[in-house]
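None of these values were measured; they are calculated from a predicted model.
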Amino acid sequence: MPGTLIVSLDFELFWGMLDVCPLESYQDNVLGGRKAIPQLLELFRKHGIHATWAAVGFLFAENYDEVCRYFPDKKPGYANENLNPYPEFAKIGKTEADAPCFYGPSLLKAIAAAPGQEIGSHTFSHYYCREAGQTLEQFASDIAAAKAIAGDHGYDLTSVILPRNQCEPEYTEILRQAGFTAYRDEENDWIYNKVKSGLLFKVLRTLDMYLPLTGQGGYMPKCENGIWNLTGSRMYRPIKPHLPLEGLKIRRIKGQMLHAAKNGLTFHLWWHPHNVGVYTPEHLKQLEEIFSYYDELKKTYGMRSLNMREAAEELSRQEG
């Protein structure tokens, strides 16, 4: 079996940053990410990259009146009110034209029309599964809303990426019942498993961007209770202009891709569009290098590019 490259993007505009920073300090990244999407699609087309774009449900709506019709009765009851996105609608414009950091139907249409691109789910409201106060019932309502708004716009969601990769078995069971066939779990390595938080975690994760602290990240996907776990292998992290280590970052990714190609494993690369919203030409140049290397691996080892839906379908056929 040849190696597989999976690419996925967490498509959230500003919804994933609400509790992180004010819009004013991150707006350039979000708007720049919007402008970068057509360039990413052209890059994917050039290199035959099939990708999954996991979109927050709010992004599908044409306007505020429409999105309100899909609000679930059971909204997340986070103990930390800063995580609740619903009050934000009272502060923003009503359409994509006057709130481009919050609505994205035109972008979703462009993505869906591009070859090899899949529209997936990033939940309806950028839902956090591990936060105090929320419940399984609230999560199920959120997922039902995500499926409903996407379905009414003609998108059949079968792949899901949970915000911040916060995944637990009882939540994946709800995803399976909702008709999802694949999800992306958080990276499975000793840093995530043993160093849970704090400064040491951040230092080790940063070092692992450049040095192989956690190995190569390739794996054989597993079906867990009827849904495929397509674990993330590596986040393509934004350029850090103050650190002259970008060459090591790209070499690290290429080394992981090579390992997967040689050994018939899956390598799952992911990021957010807003990660490339600033220094966009430099990011696109790096991604061009990565995907040109994929071309070499395809020619030499038969590596292929699959989006999450395609990977799940092929894995299910092999099992069946």
Find the distance between CG (D208) and CG (L204) and round it off to the nearest 0.5 Å.
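These two atoms lie 8.5 Å from each other.
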
Between Y183 and E224, does the side-chain hydrogen bond (donor to acceptor under 3.5 Å, both in side chains) criterion hold? Intermediate values first, please.
CA-CA 10 Å; Y183 76 101; E224 301 172 349; 2.7 Å; yes

Linking I/L/V/M/F/W/Y whenever their side-chain heavy atoms sit closer than 4.5 Å, directly or via other members, would W53 and L43 fall into one cluster?
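W53 and L43: one cluster.
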
Going only through I, L, V, M, F, W and Y residues with side-chain contacts under 4.5 Å, is there a path from Y127 to I119?
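As far as the 4.5 Å side-chain criterion goes, I119 and Y127 are connected within one cluster.
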
Centres of the [X] and [Y] rings: under 6.0 Å?
X	Y	result
F102	F89	no
F58	W15	yes
F11	H272	no

Verdict with reasoning, Y103 to N63, per side-chain hydrogen bond (donor to acceptor under 3.5 Å, both in side chains):
CA-CA 8 Å; Y103 297 93; N63 53 59; over 6 Å; no

Would you call [X]-[Y] a salt bridge at under 4.0 Å N-O?
X	Y	value
E310	R304	no
E62	K109	yes
E88	K91	yes
R164	D19	yes

Please give the remaining members of the hydrophobic cluster of V278, linking ILVMFWY side chains under 4.5 Å, ordered by chain and number.
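Y279, all in the cluster of V278.
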
Closest approach of T231 to Y219 (non-hydrogen atoms, all atoms of both residues)
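Heavy atoms of T231 and Y219 come nearest at O-OH, 2.6 Å.
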
With a cut-off of under 6.0 Å to the ring centre and 45° to the axis, is R184 in cation-pi contact with W270?
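That pair qualifies as a cation-pi contact.
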
Does a donor on one side chain sit under 3.5 Å from an acceptor on the other, for S125 and D142?
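Side-chain D/A pair, S125 to D142: present.
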
side-chain hydrogen bond (donor to acceptor under 3.5 Å, both in side chains) for Y128 and Q134? Distances and angles first, verdict last.
CA-CA 8 Å; Y128 299 114; Q134 57 78 38; over 6 Å; no

Salt bridge (Lys or Arg N to Asp or Glu O under 4.0 Å) contacts touching residues 69-79 (sequence neighbours left out):
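For residues 69-79: K74-E137.
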
